[in-house]
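Okay, structure first, notes after.
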There are 2 protein chains.
Amino acid sequence: MQADCFVRQYRQTTEWGVLSKDELNRIDDVAVCRIFEAGRGVFRDDDPCRGIYYVTSGLVGIRKSDPQGNSVILWRLAFPGNTLGLRPLLAGEKHRGGAEALETSTICFVSAAVVRDVLKKNPVLEHRFLQSAARALGEAEEVYFENVTQSVRTRLAHVLSIFKDHNGRTDDDGALVLELPLTWRNISALIGVRPESLSRVIRKLDEEGWAHFSGRTVVVRDFDRLMGEIGPDGRV
Amino acid sequence: MQADCFVRQYRQTTEWGVLSKDELNRIDDVAVCRIFEAGRGVFRDDDPCRGIYYVTSGLVGIRKSDPQGNSVILWRLAFPGNTLGLRPLLAGEKHRGGAEALETSTICFVSAAVVRDVLKKNPVLEHRFLQSAARALGEAEEVYFENVTQSVRTRLAHVLSIFKDHNGRTDDDGALVLELPLTWRNISALIGVRPESLSRVIRKLDEEGWAHFSGRTVVVRDFDRLMGEIGPDGRV
DNA sequence: CGCCAGGTTGATTTCGCTCAAGCAATGTGG
DNA sequence: CCACATTGCTTGAGCGAAATCAACCTGGCG
């Protein structure tokens, strides 16, 4: 056994949680875990999908580029506990984006054959995946909708709220303190704008007193008020 | 039996195709078919999902709006043969958009209980749905990507290509003739721009000789060339 | 007949992109 | 240890696409 990435998730509410401890152990037995330095690629766009990647630690980004390779955006972030490559595996497609470690990350690989085998033996897991695919589809709609509809400012706030959930601290004054795990460059790619545009928005937010930005540290005075001000409905 | 909407799909490659004729008949027995005049609502945003809607004829649009009701876009079109409401049903969520008949349409409703029952008895159908959800997820990515990346002109061309597949005729000169089933207003909502902007793009395309627009009739001189001109590098 | 929704057109503004320069921190080789 | 490149970030000037505001035109339709 190389690791215990999956077993450790036993109690978590991941889809995998429906499997028995034995089954999870079996997966861990065949899982291949590797450490990827920041910047290292995990798989590339259009690569055939050979299996799934389970993120144990660190942070991984999925990038997408148009057929010519230009206009690269950061499509999605994968935090510890997330699984990559499940969608193409289920759909029988190639990877639609390239994955790259944004921080030093531990990633466990499980081959497609094993996954399919486990799925076949566990219809319940399949059902879970169906549910979660359906939810993901809904999420995708929201993300799309937001990005078409909302301003850069709003989208930035949304990204901040993601990191609030993952890294957020609250300091003595009750202000939200974030230590961003991404460069601003990457955040701009995540939002889908040029770094320059993001930079200007940041300066404005700072000038207007909503938050203070220095390096990758962000201090938000009153997060709820910011969200309220930005999406008059409070929904980002 | 009220209708034969589902049985009629027997040979089609819909996901439902994996069911036996008997099972499809059973669904038809409990399906409730109604005719919706153009403009009539089928279900609304945030309505709980009580079942699925199968479009037999006509054209249905799914609209999305933010919680205030502003900035409505036409999120998706449902042509005959398409099923609405499957995603929220599987995800156990509410509807994420409102559906409205854009033309007079026949729509068959099947309650959630029946769908779940059928799914339980047919793991193969469930597997199909999983595959198709996974593919839909990939599609969603592409659509998103296109709408963020491409110009109004390009997106209009893509909308035209959708109607080419559904309504397209070729006249004596080999030109593509389309009779659009949507108002320009709705098309602009589908593309996600203001009607004025679309109007200007149309005029330009006409002036430049790519196509002739009069009312809802569009005649495209050389469709492939238009797509070629617009597609390869993404920008015009 | 007047009303009204769909559509057009023009003038103006806003937003984000492009191009271009500059700066600070980090790294690297001599 | 210094000279130099590299990388991430900032700032400015100008541009172009689409939004906004506003007027007006048209063809149903009560």
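Owing to the predicted nature of the structure, the values given are computational and were not obtained by experimental measurement. Each chain gets a letter, A, B and so on, in the order the sequences are listed, and its residues count up from 1.
Per the geometry, CD belonging to A/Gln150 stands 16 Å off C1' belonging to C/dG16, to the nearest Å. In this structure, the CG atom of B/Leu180 is 10 Å from the P atom of C/dG7, given to the nearest Å. Here C/dT14 presents its C1' atom at 14 Å from CZ of B/Arg194, a figure rounded to the nearest Å. Between A/Ile191 atom CD1 and C/dC17 atom P the separation is 11 Å, expressed in whole Å. Counting to the nearest Å, the P atom of C/dT8 and the CD atom of B/Glu207 are 13 Å from each other. Straight-line distance from the CD1 atom of B/Ile187 to the C1' atom of C/dG6: 13 Å, rounded to whole Å.
Between A/Phe43 and A/Tyr53, the two ring planes are tilted [angle within 30° to 60°].
Across every non-hydrogen atom of B/Arg185 and B/Pro195, the tightest pair is NH1-CG, 4.1 Å.
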Going 5' to 3' through nucleotides 6-15 of chain D, assign each nucleotide B (protein heavy atom under 4.0 Å from a base atom), S (under 4.0 Å only from sugar-phosphate atoms) or - (no protein heavy atom that close). ---SSBBB--

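A donor-acceptor contact shorter than 3.5 Å links the side chain of B/Ser105 to the backbone of B/Leu59. Looking at B/Lys64, its side chain does come within 3.5 Å of a backbone N or O of B/Arg96 through a donor-acceptor pair. One N or O on the side chain of B/Asp171 and one on the backbone of B/Asp173 form a donor-acceptor pair closer than 3.5 Å.
The one candidate from B/Arg225, B/Lys204, B/Arg221 that meets the side chain to side chain contact (heavy atoms under 4.5 Å, CB included) condition with B/Trp210 is B/Arg225.
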